[in-house]
Every structure is written in C-alpha cells, then in structure tokens.
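Keep in mind it's a predicted model, so treat the numbers as computed, not measured. Positions are given from 1 along the sequence.
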Amino acid sequence: MPWDFTWDRWSPGTYIWKNGNIVVLSSLIAANPGNGSLRLLWDGLTEAGYEIQVPTPFPVVCGFLERRGWGPTVFHDPQTDQVVELWVKE
C-alpha cells in the first residue's frame, strides 16, 4: 500500500479509506509508537495531494495534529444522522 501504510507499522484496528481526494485516518494505533509511522503516513498523503480527515483521534494523535495547526470541529453526517468530532486544518 502507498504512503507507508503497512501492517508492520500499524496495529490491527487502524483504518484508512479513500473517497475521491479525501483520505480518512481512523483509530490510528502505531505498532511501534514514537518511531515516525504517523509522520511518514501523513507526509506521503500530503505530498500526494490528498485532503486528510481524522475523526475522533486518540489523545496522542491530537498532539500530532495540534503541532500541524489542526483542531477539532463537529461534523454531522446526514446519511447516518450521527455527530462526530472531526479534526481539520485551522
């Protein structure tokens, strides 16, 4: 898989999916936290020109996002009628 999203870097239960130009990163759990897996994934996606969305990130991921100028918003999905926290570039 492109963007360094490989199973040796990420634990089962980590989800990534693509819808057009949007890539959603959900339940990010690095196999070896602190070894740059998220940075490599993030850099690969942004260099490829994708828009990244991160719904309800774990606290350790929040710090990563905040350092890159991201913050939480509220997103209402009209198809499911659910409201979720969605982190976006501020």
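- We find the OG1-CG distance between T73 and L86 to be 4.5 Å, quoted to the nearest 0.5 Å.
- Under the 4.5 Å side-chain heavy-atom criterion for ILVMFWY residues, no single connected hydrophobic cluster contains both V84 and V61.
- Side-chain contact, S37 with N35: no donor N or O sits under 3.5 Å from an acceptor N or O.
- In plain terms, the two heavy atoms of F58 and L28 that are nearest each other are CD1-O, 3.3 Å.
- In terms of modelled atom types and a separation under 3.5 Å, the side chain of N32 and the main chain of R9 share no donor-acceptor contact.
- In this structure, CZ in R39 is found 8.0 Å from CZ in R68, a value given to the nearest 0.5 Å.
- Closest approach of P57 and L65 over heavy atoms only: CG-CD1, 3.9 Å.
- Nearest heavy-atom pair across W70 and I52 is CH2-O, 2.9 Å.
- Minimum interatomic distance between A31 and S11 (heavy atoms only, all atoms of both residues): CA-OG, 3.7 Å.
- Here the closest non-hydrogen pair linking Y50 and G20 is CE2-O, 4.1 Å.
- At a threshold of 4.5 Å between side-chain heavy atoms, the hydrophobic network of Ile, Leu, Val, Met, Phe, Trp and Tyr places I16 and W42 in one connected group.
- Atom-to-atom distance recorded for E85:CD and C62:SG is 6.0 Å, nearest 0.5 angstrom.
- Remark: Q53 CD to I22 CD1 distance equals 4.5 Å, nearest 0.5 Å.
- In this structure, N19 places its CG atom where only 12 or fewer heavy-atom neighbours from other residues, nucleotides or ligands lie under 6.0 Å away.
- Side-chain contact between P55 and V24 is present, with at least one heavy-atom pair separated by less than 4.5 Å.
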Query raised in the report: Going through the checks in order, is the side chain to side chain contact (heavy atoms under 4.5 Å, CB included) test met by W10 and L38?
Result: CA-CA 9 Å; W10 298 96; L38 181 53; 4.1 Å; yes
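- Here the OH atom belonging to Y15 is positioned 10.0 Å from the CZ atom belonging to F5, to the nearest 0.5 angstrom.
- One distance of note links CD of E51 with NZ of K89; it measures 12.5 Å at 0.5 Å rounding.
- V88 and F64 fall into different hydrophobic clusters, defined by Ile, Leu, Val, Met, Phe, Trp and Tyr side-chain heavy atoms under 4.5 Å apart, directly or through other members.
- Closest approach of W7 to T14, counting heavy atoms only: CH2-O, 4.0 Å.
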